[in-house]
Structure formats: C-alpha cells, structure tokens
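Here's the structure, in structure tokens; my notes come after.
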Amino acid sequence: MAAVQSQEPFALLQEIETRSQQKALGLPQKAEVRRTWSGIGFRIGEQYLVSPTDEVLEILKYPPLTRVPSALSWVKGIANVRGSLVPVMDLKAFLEEAPIKLARESRVLVIQQGGFTSGLLVEEVLGMRHFFEEERSEQLPGFSANLMTYLGGAFKQGNQVWGIFDMRNLAKSPRFMEVASRG
C-alpha cells in the first residue's frame, strides 16, 4: 500500500488503466442477427413435419382409449385427459395412408382449434425444432398429395425437409370434422 501512495496520481491512473486493459474481455463483437422460427417436430411415416408451438397444447404418451361406435377407422377413440374428453385421431390413417403401428415412440399431439380439442396420433415427436427464416421454402418435395393440403411451406436443413403442418387448416377441414362412418 505504501508504494501506491508514493506514486503521482496521474501515474497511478495510467497503471490502473494498463492493468484493466490487460484483463478486459473486450467489447462485444458485432453479431449478425438472424430471424428464427420454432415449432414442434414430429414424424409420420418417413415424412418429417413441424407445427408452430402455439398450435400444440401438449404432447402425451398414447393414453387408454374408449372406442367410438360407428366412427371412421382413423378415429382411435376418446381419451380422458385430466377430466376432459379428447377424441384421438390417427393422423397417418386420416391422410389415407396405412395406420400408425403403435410403438414406444408414438405420441399424441393435443390441439385446440375453434373451441374443439382433439389429439393427433403421430409416430414420433422430435422435440423443439429451430429454423432460420432463410431456410424456408415453398417447394414441397417428397410429401404425399393428401399431406400437402395441410402444409404451409417447408424448411430445409441440410438434406432434411420439414413440412410446416398447419393444425388450423386441419381443424377447418370438413373431412376431419366428420368422424362418423357413412355405412
């Protein structure tokens, strides 16, 4: 401490500045800001899809179901989800493909559109997916014609194309709302 008092005030300030600059981390670098889009990724068959996070209420393991008499084959049944009855539909079968074979990875995406809550059985949920806006594309290679009706574009990351599945469009579909068998 005695050495500090014997220095001239200006010399002391220069020494403090030198030590501070040696230990400083530096100013933040100018970073490029890129807009991102986030959604819930899931898979049906070999098709990778993503829906906006605000369109999926929750993700459930396959729940116990009560069958619905005279319902179409893609209607799996009714689940009791915390006291609310939720119809569960096989999304792959709805799209006129082979029904989903239940597996450990199978999940139900719970959606609510226009006051109507329903569950969509998918083969696998792949978690939160993040995309840069420049990865967005309107081209939809490799998606089935029935699925393309419900897609609002796609994102391409590397070799993987993720279709943007529009839950609102699905819920507005008259075919989705008509679950009773006609025969």
Side-chain angles (χ1 to χ4, degrees), residues 32-63 65 71-79 81 84-103 105-180 182:
E32 179 183 341
V33 177
R34 296 169 75 184
R35 295 187 58 177
T36 59
W37 186 96
S38 298
I40 306 293
F42 59 98
R43 181 179 62 82
I44 54 172
E46 298 301 315
Q47 301 181 347
Y48 288 79
L49 304 167
V50 63
S51 285
T53 53
D54 63 344
E55 292 185 9
V56 178
L57 288 179
E58 67 182 300
I59 301 166
L60 305 172
K61 287 187 175 181
Y62 192 72
L65 298 176
L72 295 170
S73 62
W74 48 268
V75 178
K76 302 305 281 183
I78 302 288
V81 179
S84 295
L85 297 179
V86 177
V88 175
M89 283 73 149
D90 181 331
L91 184 56
K92 189 175 175 188
F94 170 77
L95 295 169
E96 298 177 4
E97 296 181 27
I100 290 175
K101 293 179 183 170
L102 288 179
E105 300 84 20
S106 300
R107 295 291 183 266
V108 174
L109 302 175
V110 179
I111 65 170
Q112 185 174 37
Q113 297 295 328
F116 179 70
T117 303
S118 60
L120 302 175
L121 176 63
V122 298
E123 288 179 282
E124 184 178 13
V125 171
L126 303 164
M128 287 289 295
R129 306 303 301 183
H130 306 283
F131 304 92
F132 292 116
E133 285 294 335
E134 60 264 21
E135 295 173 318
R136 190 178 200 120
S137 172
E138 296 306 313
Q139 295 182 8
L140 303 169
F143 291 105
S144 69
N146 292 330
L147 178 57
M148 287 179 49
T149 303
Y150 305 102
L151 297 182
F155 288 104
K156 185 169 186 207
Q157 282 185 335
N159 293 330
Q160 186 62 58
V161 177
W162 295 80
I164 304 169
F165 193 84
D166 187 345
M167 299 290 184
R168 290 181 177 103
N169 193 14
L170 175 70
K172 290 178 188 174
S173 164
R175 187 170 156 261
F176 185 74
M177 297 303 290
E178 294 175 13
V179 297
R182 288 184 176 69

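In this chain, residues are counted from 1 in sequence order.
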If you look only at pairs with a residue in [range], which of them pass as a salt bridge (Lys or Arg N to Asp or Glu O under 4.0 Å), with sequence neighbours excluded?
{"range": "residues 138-155", "value": "none"}
{"range": "residues 38-50", "value": "Arg43-Glu124"}
{"range": "residues 143-158", "value": "none"}

With sequence neighbours left out, write down each residue that passes side chain to side chain donor-acceptor pair (under 3.5 Å) with [X], or none if nothing qualifies.
{"X": "Ser106", "value": "none"}
{"X": "Gln112", "value": "Thr117"}
{"X": "Thr149", "value": "none"}

Which atom pairs, one a donor and one an acceptor, fall under 3.5 Å between side chains of residues 92-102 and the rest of the protein, sequence neighbours left out?
residue	atom	partner	partner atom	Å
Glu96	OE1	Asn146	ND2	3.4
Glu97	OE2	Ser144	OG	3.3

List in chain and number order the residues that pass side chain to side chain contact (heavy atoms under 4.5 Å, CB included) with Ala171, two or more places apart in sequence or in another chain; answer none if no residue qualifies.
-> Gln113
For Asn159, the side chain to side chain contact (heavy atoms under 4.5 Å, CB included) test, sequence neighbours excluded, returns none
Please table the atom pairs, donor to acceptor, closer than 3.5 Å between any side-chain atom in residues 51-60 and protein atoms at least two apart or in another chain.
residue	atom	partner	partner atom	Å
Ser51	OG	Phe165	O	2.8
Glu55	OE1	Met167	N	2.8
Glu55	OE2	Arg168	NH1	2.7
Glu58	OE1	Arg82	NH2	2.4
Glu58	OE2	Arg82	NH2	2.3

Taking side chain as C-beta onward, heavy atoms only, is Val108 less than 4.5 Å from Val86?
-> no
Residues two or more places apart in sequence or in another chain: which of them pass salt bridge (charged side-chain N to carboxylate O under 4.0 Å, His left out) with Arg35?
-> none
What distance separates Leu91 CG from Ser118 OG, expressed to the nearest 0.5 Å?
-> 10.0 Å
For Tyr48, the ring pair (Phe, Tyr, Trp, His ring centres under 6.0 Å) test, sequence neighbours excluded, returns Trp162
